[in-house]
**Q** 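First the structure, then my questions, so here it is.
Source: prediction; values computed, not measured.
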Amino acid sequence: MVGKPPSISLCSLRRTTLAASGLILLCFSFFSISSLRSPLQTQNQYNSHPIFRNALTDNLNPSFDGTDLVSSSSIYHSPKIFSASYAEMERRFKVYIYPDGDPKTYYQTPRKLTGKYASEGYFFQNIRESRFRTEDPDQANLFFIPISCHKMRGKGISYENMTVIVQEYVEGLIRKYPYWNRTLGADHFLVTCHDVGVRAFEGLPSLIKNSIRVVCSPSYNVGYIPHKDVALPQVLQPFPLPPGGKDVVNRTILGFWAGHRNSKIRVILARVWENDTELAISNNRISRAIGELVYQKQFYRCKFCICPGGSQVNSARITDSIHYGCVPVILSDYYDLPFNDILDWKKFSLIVKEKDVYQLKTILKSVTDDGFIALHKGLVEAQKHFEWHSPPLPFDAFHMVMHELWLRHHVIKY
């Protein structure tokens, strides 16, 4: 018919759309990759830290950024992808912190930056100091619910009352602000290192189901969702002794563990191996009465440090082992290791199922000298990721947690 526009077949339209989409994706990839080498913002405290001072001294390229410290390492699943993603995070990631709550009680500020729950305190302080914070919620990729369960525990609040306080606080945010209802909380996250803190949010089923929980007890069999939640490393800071380094020759003890028998696997570990002559396995943690820092000094003398799960799967012993240069042996089932989607834990640790505890010595002795040297080298490279600083430093524990959050924000659409 005259004047009627020519018809376009559905197949032709699909082909045209796919071609256009492919071209756009190609252009985006080109410009993204071209921009990945932009320098990170340099601060004086970065340059003074030995990790970065040595790298900056050795590299005369004025455009050097910290990502070179990643791309040359083998402890990552994909160094190039992590390096690129980290640089993109530094440029674009923004977090809005709800301002509500009295800072003198449980909100905004940490209880303390010491002890086995120090990771929670450091995160609360670091996020306020970091470039990721935005005062404009419309710019935010994620929203932080800044209530510290560890601080509540420090004030002697019972678990039951803590649950009520948490529920009333979060429900107050939902009523006051429009952001939660856009995604039913999927772009919100909380941070808690105490296992009681994880339980304190049980009065909010939608939060547990939808929001990102950054927790120190990432056990699959207690409701942890690995593609949504984040494993927070439990770091017992400050470390009383310096990190272990190139000291393989001094490590003459095959394996070491000393602790309380507060789980089934620890009971079995002590019963089977405490009398072995090649393994230093003790039923109780080494008493301070024996001498100052005897427990910590033992890490320097051992090749492998056994890290069995306790009352929860997590243990500060893992990050102690990393700090002191003793290859951790993760003896725990259902444990989502911190930064597991970034770091290849098999490059600096041994992962042993609980049922294999009876073959523990055979497993350790099967590692060749060259194999142990490679594990120890990887361990030293990984140390920077399991340290907290104030203010935070590139690639430290805070930035690794932020990168985990950055990865998860990509799946949120609204």
**Q** Could you tell me if the side chain of R408 sits less than 4.5 Å from the side chain of D341, heavy atoms only?
**A**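 Contact flag for D341/R408 side chains = yes.
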**Q** Do the side chain of D396 and the main chain of L393 share a donor and acceptor less than 3.5 angstrom apart?
**A**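 Yes, D396 side chain to L393 backbone: donor-acceptor pair under 3.5 Å.
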**Q** Nearest 0.5 Å, what's the CG-CG distance between L364 and L360?
**A**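 That separation rounds to 4.5 Å.
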**Q** Nearest 0.5 angstrom please: H323 NE2 to Q296 CD, how far?
**A**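 Answer rounded to 0.5 Å: 9.5 Å.
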**Q** Decide yes or no for V170 and Y98: does some side-chain heavy atom of the first lie under 4.5 Å from some side-chain heavy atom of the second?
**A**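 Contact flag for V170/Y98 side chains = no.
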**Q** Restricting to non-hydrogen atoms, name the atom on C149 and the atom on A200 that form the minimum distance, rounded to 0.1 Å.
**A**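 Between these two residues, the closest heavy atoms are SG-CB, 3.9 Å.
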**Q** Taking F339 as the fixed residue, which of F348, Y76, F386, Y86 is the one that meets the ring pair (Phe, Tyr, Trp, His ring centres under 6.0 Å) rule?
**A**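 One option only clears the test, and that one is F386.
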**Q** Quick one: closest heavy-atom pair of L279 and K361, and the distance?
**A**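 That would be CD1-CB, 4.2 Å.
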**Q** First locate atom CZ of R261, then atom OG of S282, and finally report the distance between them rounded to the nearest 0.5 Å.
**A**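 The CZ atom of R261 sits 10.0 Å away from the OG atom of S282.
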**Q** Give yes when the SG atoms of C326 and C302 are nearer than 2.5 Å, otherwise give no.
**A**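 Their SG atoms do not fall under 2.5 Å; no disulfide, then.
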**Q** Only one of H403, H399, H77 clears ring pair (Phe, Tyr, Trp, His ring centres under 6.0 Å) with F82; which?
**A**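 For F82, the ring pair (Phe, Tyr, Trp, His ring centres under 6.0 Å) check succeeds only for H403.
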**Q** Would you mind reporting whether Y177 and P137 have side-chain heavy atoms less than 4.5 Å apart?
**A**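 Of all side-chain heavy-atom pairs linking Y177 with P137, none is under 4.5 Å.
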**Q** Just by distance, with hydrogens left out, do H376 and D247 show a side-chain donor and acceptor under 3.5 Å apart?
**A**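 Yes, because at least one side-chain N or O of H376 sits under 3.5 Å from a partner of the opposite role on D247.
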**Q** Kindly confirm or rule out a cation-pi arrangement of R199 over Y159, judged by NZ or CZ under 6.0 Å from the six-membered ring centre and within 45° of its axis?
**A**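 Cation-pi check for R199 and Y159: passes.
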**Q** Could you walk me through whether F124 and H150 pass ring-ring contact (aromatic ring centres under 6.0 Å, His included), step by step?
**A** CA-CA 11 Å; F124 271 69; H150 181 38; over 10 Å; no
**Q** Check whether any side-chain heavy atom of D344 sits under 4.5 Å from a side-chain heavy atom of I75, and report yes or no.
**A**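 Side chain of D344 against side chain of I75, heavy atoms only: no contact under 4.5 Å found.
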**Q** Measuring from I97:CD1 to I127:CD1, what's the distance to the nearest 0.5 Å?
**A**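 The CD1 atom of I127 is 5.0 Å from CD1 of I97, to the nearest 0.5 Å.
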**Q** For F123 and V401, work out which heavy atoms get closest and say how close.
**A**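 The answer is CE1-CG1, 3.8 Å.
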**Q** Looking at OH of Y335 and CD of E354, how far apart are the two atoms once the value is rounded to the nearest 0.5 Å?
**A**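 These two atoms lie 13.0 Å from each other.
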**Q** Under the ring-ring contact (aromatic ring centres under 6.0 Å, His included) rule, collect the residues that match up with Y324, sequence neighbours excluded.
**A**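 Partners of Y324 under the ring-ring contact (aromatic ring centres under 6.0 Å, His included) test: F299, Y300.
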**Q** How far does CG of L184 sit from CD1 of I174, to the nearest 0.5 angstrom?
**A**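 With rounding to 0.5 Å, CG (L184) is 9.0 Å from CD1 (I174).
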**Q** Which heavy atom of I306 sits nearest to which heavy atom of W257, and what is that distance?
**A**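 In this case the closest contact between I306 and W257 is O-CD1, 3.4 Å.
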**Q** Flag the pair F144 / F189 as yes when their ring centroid distance falls below 6.0 Å, and as no otherwise.
**A**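 Yes: the rings meet the under 6.0 Å criterion.
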**Q** Quick one: does H385's side chain get under 4.5 Å of I342's, heavy atoms only?
**A**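 No - every pair of side-chain heavy atoms lies 4.5 Å or more apart.
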**Q** What pair of heavy atoms forms the shortest contact from L254 to K365, and how long is it?
**A**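 Reported closest heavy-atom pair: CD2-CG, 3.6 Å.
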**Q** Minimum heavy-atom separation for P392 and N126, please, with both atom names.
**A**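 Where P392 meets N126 most closely, the heavy atoms are CD-ND2, 3.7 Å.
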**Q** In the structure I gave you, are the side-chain heavy atoms of L379 and S349 within less than 4.5 Å of one another anywhere?
**A**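 No, every pair of side-chain atoms sits at 4.5 Å or beyond.
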**Q** Could you tell me whether the side chain of H409 and the main chain of D187 form a donor-acceptor pair under 3.5 Å?
**A**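 Not a single qualifying donor-acceptor pair exists.
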**Q** A side-chain contact here means heavy atoms from C-beta on lying under 4.5 Å apart; do F201 and I147 qualify?
**A**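 Yes, at least one pair of side-chain atoms sits under 4.5 Å.
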**Q** Answer with yes or no whether the side chains of Q167 and E171 bring together a donor and an acceptor at under 3.5 Å.
**A**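 Side-chain D/A pair, E171 to Q167: present.
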**Q** So, do L173 and F143 sit near enough that their side-chain heavy atoms are less than 4.5 Å apart?
**A**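 Result no, sub-4.5 Å side-chain heavy-atom pair not found.
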**Q** Where do T163 and E202 land on the side-chain hydrogen bond (donor to acceptor under 3.5 Å, both in side chains) test, with the steps shown first?
**A** CA-CA 7 Å; T163 303; E202 290 179 349; over 6 Å; no
